Amino acid sequence: MSQITLTFPDGATRNVEAGTTAGMVAESISKSLAKKAISAQVNGAHHDLAWPIEHDATIAINTMQDEAPALELIRHDLAHVMARAVQEIWPDVKVTIGPVRDFGWFYDFDRAEPFTPQDLGEIEQRMKQIIAARDEVRTEVWSRADARAHYEAAGEPFKVELIDRIPGDEPIRMYWHGGWQDLCRGPHFQNTGQIPADAFKLTRVSAAYWLGDSKRPQLQRIYGIAFRNRDDLKAHQKFLEEAEARDHRRLGREMDLFHMQEEAPGQVFWHPNGWTIYTVLQDFMRRKQRADGYVEVNTPQVVDRKLWEASGHWDKYQDHMFIVEVDEEHAREKAVNALKPMNCPCHVQVYNAGLKSYRDLPLRMAEFGSCNRYEPSGALHGIMRVRGFTQDDAHIFCTEEQIEAECARFINFLASVYHDLGFERFDIAFATRPEKRVGSDESWDHVENALEAAIRSTGNPYRVEEGDGAFYGPKLDFYLTDAIGRVWQCGTFQVDPNLPERLGATYVGEDGEKHRPYMLHRACLGSFERFIGILIENSAGRLPFWLAPRQVVVASIVSDADDYVTEVVEKLRRAGVRAEADTRNEKINFKVREHSVGKVPVILAIGRQEVENRTVTLRRLGEKTTRVVSLDEAAGEIGAEATPPDLR
RNA sequence: GCUGCUGUAGCUCAGAGGUAGAGCACUCCCUUGGUAAGGGAGAGGUCGAGAGUUCAAUUCUCUCCAGCAGCACCA
């Protein structure tokens, strides 16, 4: 037997025989450690205590105190325990895969009947019995052929397919929890009793395609959540409740921002409050774009299919376009049109009107472009994913040499916009050339290098997504993380030499010859609809003051104050504040409660004293205290706050 | 689009094979009250749409529409 050297986190080393397991190592250190050990990090990778270590390595023994590995084992073993429970109750159910995810795990099953909520309760009870049984967990590494034969005999076709998909150099690990067996990469606990029985819950059941492919069979997926203890589980359930309270669909109703209805699925009826947010945001973007050298255009909604055929979209996206056929009786000729699903082809038409010189480039053409896409019904979600929306779109026509500078310029622009809107951090994903693509490798090299150099010059971190670019060019996607940790793709920047080619865009170069410009598709917010949804959820409805649809309510305490209330409202309005009067015959408690629920950031209360002293009593949303200030002071202070950040 | 669930008053939800109820909101009256719900009265619904079963359907069945959760999709 050869010796290997293990290095511990404190730098100490120990020589052991090759093939020693992490469990044996823990045992040799102390009895108590062996008792507490659950797994190990071997060369940084998560290792089962039962796996032999064959080479020199660094090693750290994990206990339940180590959150990440502990949670992984808990969730991973629960996936197996759940699959076992299901097969014990319904032996004919086929098992597939069950990975750890988010706050728990899921497992996909093949079963003719759907699982019901009652079934989930039954499965949960059975899982608790399995945990209580403290069944030993055993691993064996099998040959591919044996494992395959085993699952074929067991009538588990999905497992057979999984084995065929495991890369050749990976060991095939077979696990037993008591008498129940599963194929799994591991690692696992040493027995099922190590799983906390009171810190997990089965949450829901739904359908999912096998291997994520809508052409493959649809399986039933059961989701569970799990933590190290009951308190963590409770804390998570509370977190979910809070998330629900900031759902933009709920706040949209409570704050009277918008509604949607059956007659226009996936489209928004903006109410005055919501439309205020929309227009304030649009005014802001318009100023920002002007300042950054964009020109603004506007293009048609209904466009003949010929243009979409020329752009190539008809071929690929016809099923997702709203088609408008004009009746012959009312038209000069029968025409098939589509509501524009995107603005790019129309912008090329504007570009193509009149000869362009190299002196005109880069030409930054912006449009608050209203688009309609016939999104699949299951994709719709509040105002976040809709069928009618408006992009803060722009296309930059430029030469290949100008791409790098334009890209850097856009990243800085986006950073400035996001900063003003209260998002300090964003992530950049750099998607590179896919397998199937057009254009020469030299051109791809050049454009990819330009983008990467541009990101570097701005100093922002980024990650590379190999092969994720469009067939015609690489792209950047910009992601925001909201207040409850959800990630949203908003901004995008795409390099496109293809559309100018298809639609015949040219410019006259210094040499007097016609050349092909590049087209850079870019959006900062993405769409107003989605971005406002994100703003609402991120702020839980308490939008930054300058964006709040209702900024100040001036509430009377006695009716004798009504005239002064009107004066205060008018003064605030002159200062650029969205102020309204509330002189209803209601108590101040009632008014404060109602406007607080309505997320109005500032309430000014006016009683006899305020009238007499020409003051206001100011209360801010979320605060219990009030302040008495002079009317002039209040107007100055609130007026300054109401100023959009780019005008300060 | 797929799987499952849901659809009753503006909102949140009860209800039952014999054409409907609560709370809040709304309207009116009383109350002028100092920082998160003052009191009283009233009005309000083709029970998502269509078809079928039945003496009788909002309730049972089917189809469609929309919403919700997840999957797939997102130029």
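Both backbone and side-chain heavy atoms feed into the values below; hydrogens, waters and symmetry mates do not. Chain naming here is simple, since letters A, B, ... match the order of the sequence lines and numbering starts at 1 in each. Since the structure is predicted, the reported quantities are computational estimates derived from the model, not experimental observations.
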Length of the [atom1]-[atom2] vector between [X] and [N], whole Å:
| X | N | atom1 | atom2 | answer |
| --- | --- | --- | --- | --- |
| Tyr223(A) | rG4(B) | OH | P | 16 Å |
| Glu594(A) | rG38(B) | CD | C1' | 15 Å |
| Asp110(A) | rC71(B) | CG | C1' | 15 Å |
| Leu621(A) | rU35(B) | CG | C1' | 13 Å |
| Arg204(A) | rC71(B) | CZ | C1' | 11 Å |
| Leu380(A) | rC68(B) | CG | P | 8 Å |
| Leu240(A) | rA69(B) | CG | P | 13 Å |
| Arg387(A) | rA75(B) | CZ | C1' | 17 Å |

(message) Between the base of rC2(B) and the side chain of Arg216(A), is there a donor and acceptor pair under 3.5 angstrom?
(response) no
(request) For Arg253(A) and for Ser596(A), find the nucleotide of RNA chain B with the closest heavy atom, then tell me which residue's nucleotide is more 5'. (result) Arg253(A)
(message) Judged by each residue's nearest nucleotide on RNA chain B, which is more toward the 5′ side, Val592(A) or Phe115(A)?
(response) Phe115(A)
Among [options], find the nucleotide with the atom closest to the side chain of [X].
| X | options | answer |
| --- | --- | --- |
| Arg249(A) | rA69(B), rA36(B), rG33(B) | rA69(B) |
| Glu375(A) | rC74(B), rU35(B), rA69(B) | rC74(B) |
| Arg530(A) | rC74(B), rA37(B), rC26(B) | rC74(B) |
| Met321(A) | rA75(B), rU32(B), rU35(B) | rA75(B) |
| Gln218(A) | rG70(B), rA36(B), rA75(B) | rG70(B) |
| Ala207(A) | rU3(B), rA66(B), rC73(B) | rU3(B) |
| Thr617(A) | rA75(B), rG34(B), rA69(B) | rG34(B) |
| Tyr209(A) | rG34(B), rC71(B), rU35(B) | rC71(B) |

(request) Please determine if Arg614(A) and Glu567(A) form a salt bridge, counting it only when a charged side-chain N lies under 4.0 Å from a carboxylate O. (result) yes
(request) For Glu244(A), look at atom CD and say whether over 12 heavy atoms of other residues, nucleotides or ligands are found less than 6.0 Å away. (result) no
My understanding is that a pair needs two contacts under 3.5 Å, Watson-Crick or G-U wobble. By that rule, which nucleotide pairs with [N]?
| N | result |
| --- | --- |
| rA75(B) | none |
| rA36(B) | none |
| rC2(B) | rG70(B) |
| rC55(B) | rG18(B) |
| rU27(B) | rA41(B) |
| rG7(B) | rC65(B) |

So [X], base contact, sugar-phosphate only, or nothing? Heavy-atom distance under 4.0 Å.
| X | result |
| --- | --- |
| Glu610(A) | base |
| Pro376(A) | base |
| Gly312(A) | nothing |
| Ala208(A) | sugar-phosphate |
| Pro265(A) | sugar-phosphate |
| Arg627(A) | nothing |
| Phe590(A) | sugar-phosphate |
| His595(A) | nothing |

(message) Looking at Phe397(A), I'd like to know if the NZ or CZ of Arg364(A) sits under 6.0 Å from its six-membered ring centre while staying within 45 degrees of the ring's axis.
(response) no
(request) Please determine if a side-chain N or O atom of Arg101(A) lies less than 4.0 Å away from the OP1 or OP2 oxygen of rC71(B). (result) yes
(message) Would you say Arg620(A) places a side-chain N or O within less than 4.0 Å of OP1 or OP2 belonging to rU35(B)?
(response) no
(request) May I ask you to check whether Phe478(A) and Phe423(A) place their ring centers less than 6.0 Å from one another? (result) no
(request) Determine yes or no for a side-chain-to-main-chain donor-acceptor pair under 3.5 angstrom, with Arg437(A) supplying the side chain and Pro434(A) the backbone. (result) yes
For [X] and [Y], take the angle between the two ring planes, folded into 0 to 90°, and tell me which bin it lands in: parallel under 30, tilted 30 to 60, perpendicular over 60.
| X | Y | answer |
| --- | --- | --- |
| His381(A) | His248(A) | tilted |
| Trp308(A) | His313(A) | perpendicular |
| His259(A) | Phe269(A) | parallel |

(message) Centroid distance below 5.5 Å plus an interplanar angle below 30 degrees: do Tyr317(A) and rA75(B) meet both conditions?
(response) yes
